[in-house]
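Computed from a predicted structure; not experimentally measured. Chain letters run A, B, ... following the sequence lines, proteins first, then strands; residues in each count from 1.
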Protein chains: 2
Amino acid sequence: MADASAKPRSTTRGAELRSLIGEEIMTGRISPGMALEEIEIAQKFGVSRTPVREAIRELAASGLVEIRPHRSAIVAKPSPERLRGMFGVLAELEALCAGLSALHMTDEERTQLQALHADLGALAENGDPKHYHRMNEQFHELIYVGSHNDYLAELTFATRTRLSPFSGTQFRARGRLKRSHAEHDRVVAAIMQRNQDAAVAEMRSHITTVEVTYERYVETV
Amino acid sequence: MADASAKPRSTTRGAELRSLIGEEIMTGRISPGMALEEIEIAQKFGVSRTPVREAIRELAASGLVEIRPHRSAIVAKPSPERLRGMFGVLAELEALCAGLSALHMTDEERTQLQALHADLGALAENGDPKHYHRMNEQFHELIYVGSHNDYLAELTFATRTRLSPFSGTQFRARGRLKRSHAEHDRVVAAIMQRNQDAAVAEMRSHITTVEVTYERYVETV
DNA sequence: GTATGCATTGTTGTATACAAGATTGAGCAG
DNA sequence: CTGCTCAATCTTGTATACAACAATGCATAC
C-alpha cells in the first residue's frame, strides 16, 4: 500500500486517495457491501477527512461506491440481475471496440496486439493465473485504444473496471487460461483480417463466456 | 433557480448542488469551457465551499466537468473529434436499448410509448420546439427503461446527458420536429412488432441524424 | 422472554481558518 | 515599445471544529 502523504506538485491528496481506494475495490480487497468509514480511512492514510470525502464522492459518481445520506458510503454490491445486465453491456461495448479496431487500428497497434497475444499464449501454457490476468487486461485495453474512439474506450474501461471484482476470479477455473487464449486468437485473427463483423461476434462471444465462467465459479464456492 | 438552503431530511446540500449545477451544464446555461469558481458558486447558493467542492467532484467523475489541480474546474469542452465519438457511442447504446425494448417491453410500457409518441405527433404539428424537446427526452427514457437492463439505461442516459448541451439545439433546425417524429415512428413500429433488428437499425439511424443535424446547425451559427 | 423509549456514542455534513499554488499587475531594464 | 521579475491578491486544497443524524445500548413495561 503506497503512502499517500507524498505530495507531488501536480496532483492532490484527494485524487491520490481516489486511485488508491478505487484500486482496493477493483481488486476485491474491499468487498462489495463493505462500509467506507471516513475516519478510519483518514487515519489509515494519515490525512484529514476532507480528501477522503472527496475521493468517496468521485468513486460514487463512477459507480464503484454507493452514498447514503448521513450514513457511511458502501462499496457497490450489484444484484445478480444487475450483474447480468452489466456483463451484457460489457459484451456489447467490447464487441463494438473490437469491430472498430478491425477497421481503424494502425499497423503498429496491430503488431503490438499480436506480440501481446503471443506472450499471453506462453503464459496460458505455464498456467500462471495472476500474471495472465494482468496481461489479459493489457490485451483488452489495446483493443479499446485501437477503436480510436476515446469515449468508447473510457466507457468500456469503466464498465470493465466495475466488473473487476466479479470477473477476476475467472482464471481460477480449471483450463480457463487456454480457453481464454483460444478465444483471443479468434478475435485477433478477425482484427488482423479487418473483418469487423467477425471481430464483433468473436469478442461478444468471448465476454459472454467470461460471465458464464464467473457464474459457474461462484456456484462452486 | 431553486434555493438550495431548504434542507429535506433525506438529502444533503452537496447532492442538491450536484443536481442544480448539473442541470445548468446540461441546459447550456453554463457553457463548455467556463470555469466553476467555488467561492462564487458558494455565495450564489448561500452555502460554504465544502458542498460546492463535493458537487464539483461528482460532476467531474461523471464527465461533465474537468478538474485541474490547484486551478478551478471547468465545464467539459469536448473536441469535435471526441463529440463525434460520443455521438457514435450514443447511437450504439440507444440502438441496443431499442433492440432490447422490442424484446422485453411490457404491454403497459408499449402502451405508454405509443401514447407519448402520439402526443409528440401533435407537438410536431404545432411546432413548439421547447415542449417537444422535453417530451422527446421522456420518449427516449421510456425506451431505456423498456430495455430492462438497468445498467444500460443508466449508461445511455448519462451519455445522452453529456451530449445535452450539444444536441438540444437540433430542434431549432427548420422542419426538424416533423422529421424527428417520422424517425420515432419507425422505431416505435419496430418495437411494437418486437422486431429487434429493425428497432436497432432505426434507432441507430435516428441518433446518427441527431448528430448530423447538430453539426449542420453549428455551421449556420 | 420481547418490545419500546431514551440517552449516549459514533459518524457524517458543513462551516471556517490556514496553507499552498496560480494569476495578475506594477515596476524596471533594454 | 516589449519582456522579465517580484510582490500582492485570488483561489484552491486541507485540517479542524461544530452541528446534525443514525446506531447502539440500557432501562422499563408487558
Side-chain angles (χ1 to χ4, degrees), chain A residues 1-22 24-25 30-31 33-62 64-77, chain B residues 1-22 24-25 30-31 33-62 64-77:
Chain A
M1 179 64 71
D3 179 20
S5 301
K7 197 177 130 192
R9 179 177 290 273
S10 64
T11 191
T12 62
R13 287 199 171 78
E16 287 168 352
L17 286 171
R18 176 179 177 239
S19 290
L20 290 169
I21 300 168
E24 300 252 315
I25 293 171
I30 310 181
S31 306
M34 274 192 59
L36 301 174
E37 296 206 354
E38 298 170 6
I39 295 172
E40 181 183 306
I41 294 172
Q43 284 172 355
K44 178 175 175 182
F45 289 104
V47 296
S48 78
R49 283 174 48 226
T50 312
V52 175
R53 292 182 61 82
E54 293 187 3
I56 287 173
R57 264 130 198 92
E58 291 190 39
L59 291 166
S62 60
L64 285 172
V65 163
E66 289 168 19
I67 288 193
R68 304 171 296 177
H70 297 291
R71 298 179 67 192
S72 55
I74 55 173
V75 177
K77 184 172 185 180
Chain B
M1 180 63 71
D3 178 21
S5 301
K7 198 175 125 191
R9 179 178 291 273
S10 65
T11 192
T12 63
R13 285 198 172 80
E16 288 168 351
L17 286 172
R18 180 181 174 239
S19 291
L20 291 169
I21 300 167
E24 299 252 316
I25 294 170
I30 310 181
S31 307
M34 274 191 59
L36 302 174
E37 295 204 352
E38 297 172 7
I39 296 172
E40 180 182 307
I41 294 171
Q43 285 173 354
K44 179 173 174 184
F45 290 105
V47 296
S48 76
R49 284 172 49 224
T50 312
V52 174
R53 292 182 60 81
E54 295 187 2
I56 287 173
R57 266 134 197 88
E58 293 191 37
L59 291 165
S62 58
L64 284 172
V65 164
E66 289 168 18
I67 287 192
R68 305 173 295 178
H70 299 289
R71 298 180 66 193
S72 55
I74 55 173
V75 177
K77 183 172 186 179

What integer distance in Å separates [X]:[atom1] from [N]:[atom2]?
X: Gln43(A); N: dT11(C); atom1: CD; atom2: P; value: 9 Å
X: Glu40(B); N: dC10(D); atom1: CD; atom2: C1'; value: 13 Å
X: Arg18(A); N: dG13(D); atom1: CZ; atom2: C1'; value: 17 Å
X: Glu54(B); N: dT12(D); atom1: CD; atom2: P; value: 16 Å
X: Arg13(A); N: dT16(D); atom1: CZ; atom2: C1'; value: 15 Å
X: His70(A); N: dG13(C); atom1: NE2; atom2: P; value: 6 Å
X: Arg49(B); N: dT16(D); atom1: CZ; atom2: P; value: 16 Å
X: Ile39(B); N: dT23(C); atom1: CD1; atom2: C1'; value: 14 Å

Closest heavy-atom pair and its distance - [X], [Y]:
X: Arg57(B); Y: Ile67(B); result: CG-CD1, 3.7 Å
X: Thr11(A); Y: Ala15(A); result: OG1-CB, 3.6 Å
X: Ala55(A); Y: Ile21(A); result: CB-CD1, 4.4 Å

Are Arg53(B) and dT12(D) close enough that a side-chain N or O sits under 4.0 Å from OP1 or OP2? no

### Query
Thr50(A) near the nucleic acid: base, sugar-phosphate alone, or nothing, with a heavy-atom cut-off under 4.0 Å?
base

### Task
Give one of base, sugar-phosphate or nothing for Leu36(B), where a contact means two heavy atoms less than 4.0 Å apart.
sugar-phosphate

Heavy-atom nearest nucleotide on DNA chain D taken for Arg71(A) and for Ser48(A); more 5' hit belongs to Ser48(A)

Closest of dG13(C), dT11(C), dT12(D) to the Glu38(A) side chain is dG13(C)

One should read off an interatomic distance between Leu36(B) CG and Leu64(B) CG, to the nearest 0.5 angstrom, of 10.0 Å

